[in-house]
Amino acid sequence: MKRYEIKHLLKEDVSALLDTSINIKGWVRTKRGNKNVAFLAVNDGSIIHNMQVVVDLANFDEELLKGITTGACVSVDGKLVKSQGQGQAVELQAENIILYGTADPDTYPLQKKGHSMEFLREIGHLRPRTNTFGAIMRLRHNMAYAIHTFFHEHGFYYFHTPLITASDCEGAGEMFQVTTMDLNNLPRKEDGSIDYEQDFFGKQTSLTVSGQLEGELGATALGKIYTFGPTFRAENSNTPRHLAEFWMIEPEMAFYDLDSLTELEEEFIKYCIRWALDHCMDDLEFLNKMVDNGLIERLKGVIATDFVRLPYTEGINILEAAIKNGKKFEFPVFWGADLASEHERYLVEEHFKRPVIMTDYPKDIKAFYMKQNDDGKTVQGTDVLFPQIGEIIGGSVREESYDKLTARMNELGMDRKGMEWYIDTRRYGTCPHAGFGLGFERLMLFITGMGNIRDVIPFPRTPKTAEF
RNA sequence: UCCUCAAUAGCUCAGUUGGUUAGAGCACCUGACUGUUAAUCAGGGGGUCGUAGGUUCAAGUCCUACUUGGGGAGCCA
């Protein structure tokens, strides 16, 4: 008997299959009925919707049916027919049922009603079987696919940067050390310090916090590259927006300036949102109904509006004017201050009411590699600020001048040792270039309307938590 | 890491100014119903009130510490 995925049966033209016998396989979401007939809602993960299986109790063994409960796995042969009931176009009249696996209802934690996200996190090994997480994971796949498709169509090459790095100058955060040494018996040098020469790589190594520096090496050879891989930050951040292990997308483009950079940022993120609306409407409709009633409207709103381009200095002026008009902020606003969440939210959610790309930040609050403006005060950094989730993209034009870059490194007291390979990009055939970084899970928060980043990745890693 | 709120049945929650034997819905079990849509209806079983200490004649309720989780902040993507 030929097996069909439920997505095919519900979404394709199946008129040729009507009144013929076919097979489906999947997990039972609910069983209901009376003493004559039972209805099984079977889900195989291919789509959020279930196939209704109609079971005439007279034709089946009572013991078999008793074992078919929420969570059980079944294979059903049956005749595909137009549904007599409301709520679905077709249904399967069961002819033969194989019970692959039971799910003892006394211990199976998933029910057909209301679970909290907190509870589902505790049963991370089973939560992919819920409607909500099925929808999120299908969207997650689609976003990954959309990202690769966007870059491929725009002439970018997927460039694989290392996960293990010996660079201690990445500066983007605390790093996880990588070692094969016995932590209970560390080799020491004469002065008592740890002898990393005896470690696997012969030096101290860590998990990467960013692929950007290596990405620049790719861009200065291939023109346009992007990375898309796991990233690790050992920071003790306990918030709904941070993970210790997350996925990051980092495109890097030779010959891009500030205008072409912000244009790409906007086009890229709109492409991803449009992809979700074009390819994932069933899952979005479910999330819109169950998680966030404003989701679809907000997604459509973002792709229909132009993002604001806002130099930092103008942003400060707007915030100072707001304060003059009585707006209260917890943190002070002055030129040179790093903007707090409340300031960003005011600009995006209250003042402009649409996404904002802020540019030209004071150099002292941004990274050493950002291109310095002629004013001597600002650098060409960009943050794309979104409603509700804040910074979704951080990028910049890179400083391509050997003299300016190294002068800035000296100013910041950075150790050039171990960084000479990066500086070589400016020493040999340097070029104007730019790039940005997008936290994949931050994008997922926006796409799904979920409130906690731990719920848009299958197995979240956060301080004190590495289950499953 | 800081601030704040919370933890009661398998799940979601109620539990009054501290006072008798801690409740409801869902789930589960039994039964009813000729096609249900998170089916419905009737009945039943199910609790170390997060952990440890303290106050009190009496603690789910008040106090302290710890653990875990939520929200906010910082760091950031």
Side-chain angles (χ1 to χ4, degrees), chain A residues 29-41 49-58 66 69-71 81 83-88 91 93 103-123 130-131 170-174 208-212 230-250 289-290 329-331 338-345 365-367 383-386 389-395 436-446 451-457 462-465 467:
Chain A
R29 285 288 158 76
T30 72
K31 180 172 77 171
R32 43 177 189 268
N34 53 44
K35 68 180 177 187
N36 297 302
V37 62
F39 301 91
L40 311 180
H49 304 298
N50 305 319
M51 174 59 70
Q52 170 152 285
V53 174
V54 186
V55 183
D56 186 346
L57 300 190
K66 231 175 159 177
T69 57
T70 297
V81 297
S83 179
Q84 295 177 30
Q86 301 295 311
Q88 58 281 314
E91 62 191 20
Q93 295 278 358
D104 182 352
D106 286 334
T107 58
Y108 186 63
L110 289 175
Q111 302 164 13
K112 42 189 172 187
K113 279 200 178 190
H115 292 295
S116 66
M117 291 301 149
E118 294 78 24
F119 173 70
L120 292 175
R121 252 172 251 153
E122 291 171 16
I123 52 165
T130 62
N131 288 331
E170 300 199 25
E174 295 294 311
T208 184
V209 294
S210 167
Q212 180 197 318
T231 308
F232 307 88
R233 303 268 169 100
E235 252 135 30
N236 192 13
S237 297
N238 295 288
T239 83
R241 295 178 304 281
H242 291 86
L243 292 166
E245 176 184 293
F246 62 99
W247 288 66
M248 189 149 67
I249 298 102
E250 294 178 291
K289 191 169 117 200
M290 305 300 284
F329 291 115
E330 188 185 344
F331 293 95
D338 210 351
L339 295 184
S341 303
E342 56 174 348
H343 306 133
E344 296 177 349
R345 292 189 70 141
I365 60 172
K366 287 290 176 184
D383 281 358
V384 180
L385 306 175
F386 259 42
I389 57 173
E391 181 185 341
I392 193 167
I393 285 179
F436 66 82
L438 168 88
F440 185 53
E441 285 76 18
R442 295 262 173 99
L443 174 67
M444 287 301 302
L445 283 177
F446 188 74
N452 193 312
I453 202 164
R454 297 164 200 208
D455 301 326
V456 295
I457 187 169
T462 55
K464 301 276 181 287
T465 310
E467 294 300 306

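Convention: sequence-line order gives letters A, B, ...; per-chain numbering from 1.
Within 4.0 Å of A:Glu91, counting heavy atoms only, lies at least one base atom of the nucleic acid. Heavy atoms of A:Pro109 sit nowhere under 4.0 angstrom from any nucleic acid atom. Among the atoms of the strands shown, none is found under 4.0 Å from any heavy atom of A:Glu245. Heavy atoms of A:Glu441 sit nowhere under 4.0 angstrom from any nucleic acid atom. Within the 4.0 angstrom heavy-atom criterion, only backbone atoms of the sugar-phosphate kind lie near A:Ser341; the bases stay farther away. No contact: A:Leu110 has no heavy atom under 4.0 Å from any strand. Within 4.0 Å of A:Lys35, counting heavy atoms only, lies at least one base atom of the nucleic acid. As judged by a 4.0 angstrom heavy-atom cut-off over every strand, A:Arg121 is placed among residues touching the sugar-phosphate backbone only. Across all strands shown, A:Ala38 has no heavy atoms under 4.0 Å from either base or sugar-phosphate atoms. When heavy atoms are screened at a 4.0 angstrom cut-off, A:Thr70 is found touching no nucleic acid atom at all. Among the heavy atoms of the strands, none lies under 4.0 Å from A:Glu330. Here A:Thr465 lies in heavy-atom contact (under 4.0 Å) with sugar-phosphate atoms only.
Remark: the A:Gln86 side chain and the B:U36 base include no donor-acceptor N/O pair separated by less than 3.5 Å. Not a single donor-acceptor pair, N or O on each side, falls under 3.5 Å between the base of B:C76 and the side chain of A:Ser237. Between the side chain of A:Asn238 and the base of B:U1, at least one donor-acceptor pair of N or O atoms lies under 3.5 Å. Residue-to-nucleotide contacts include a donor-acceptor pair under 3.5 Å from the side chain of A:His242 to the base of B:C76. Side-chain atoms of A:Gln111 come within donor-acceptor range of the base of B:G10, with a qualifying N/O pair under 3.5 Å.
Of the listed nucleotides (B:G69, B:G71, B:U37), B:G71 has the atom at the smallest distance from the side chain of A:Pro240. Among the nucleotides B:U12, B:A73, B:C28, the one closest to the side chain of A:Phe119 is B:U12. You'll find that the side chain of A:Ser116 is closest to B:U12, out of B:U12, B:C28, B:U34. Here the side chain of A:Thr239 is nearest to one of B:G74, B:A38, B:U36, namely B:G74. Comparing B:G74, B:U34, B:C29 by their nearest atom to the side chain of A:Phe331 picks out B:G74. Counting only heavy atoms from C-beta on, A:Arg32 has its side chain closest to B:A39 among B:C75, B:U30, B:A39. The side chain of A:His115 lies closest to B:C11, out of B:C11, B:U34, B:G70.
For the P atoms, the distance from B:G71 to B:U12 is 15 Å, rounded to whole Å. B:U16 and B:G10: their C1' atoms are spaced 28 Å apart (whole Å). Between the P atoms of B:U55 and B:G74, the separation comes to 43 Å (whole Å). Taking atom P in both B:C66 and B:U4, the straight-line distance is 14 Å, to the nearest Å. Distance check on atom P: B:G54 versus B:G60 gives 15 Å, rounded to whole Å. Nucleotides B:U40 and B:A27 have their C1' atoms positioned 16 Å apart, rounded to a whole Å. One C1' atom belongs to B:C28, the other to B:G45, and the distance between them is 9 Å to the nearest Å. Nucleotides B:A6 and B:G43 are separated by 36 Å at their C1' atoms, to the nearest Å.
Summarising the base pairing, B:U20 is matched to no nucleotide, lacking a Watson-Crick or G-U wobble pair whose two defining distances lie under 3.5 Å. Of the nucleotides present, B:C11 is the one that pairs with B:G25 by Watson-Crick or G-U wobble criteria, both distances under 3.5 Å. In this structure, B:U48 forms no base pair with any nucleotide, since neither Watson-Crick nor G-U wobble geometry is met with both distances under 3.5 Å. The partner of B:U1, taking Watson-Crick or G-U wobble pairs whose two distances both stay under 3.5 Å, is B:A73. Of the nucleotides present, B:G54 is the one that pairs with B:C62 by Watson-Crick or G-U wobble criteria, both distances under 3.5 Å.
Remark: the backbone N or O of A:Asp338 is not paired with any side-chain donor or acceptor of A:His343 at under 3.5 angstrom.
If you run side chain to side chain contact (heavy atoms under 4.5 Å, CB included) between A:Val209 and each of A:Met248, A:Glu235, A:Arg233, only A:Arg233 comes through.
Residues A:Gly33 and A:Asn36 both approach RNA chain B. Their nearest nucleotides, taken by heavy-atom distance, put A:Asn36 toward the 5′ side.
No donor-acceptor contact under 3.5 angstrom links the side chains of A:Arg241 and A:Thr239, judged on distance only. Using modelled atom types and a 3.5 Å distance limit, the side chains of A:Thr231 and A:Glu245 yield no donor-acceptor pair.
Following rounding to the nearest Å, A:Asn236 (CG) and B:U1 (P) show an atom-to-atom distance of 5 Å.
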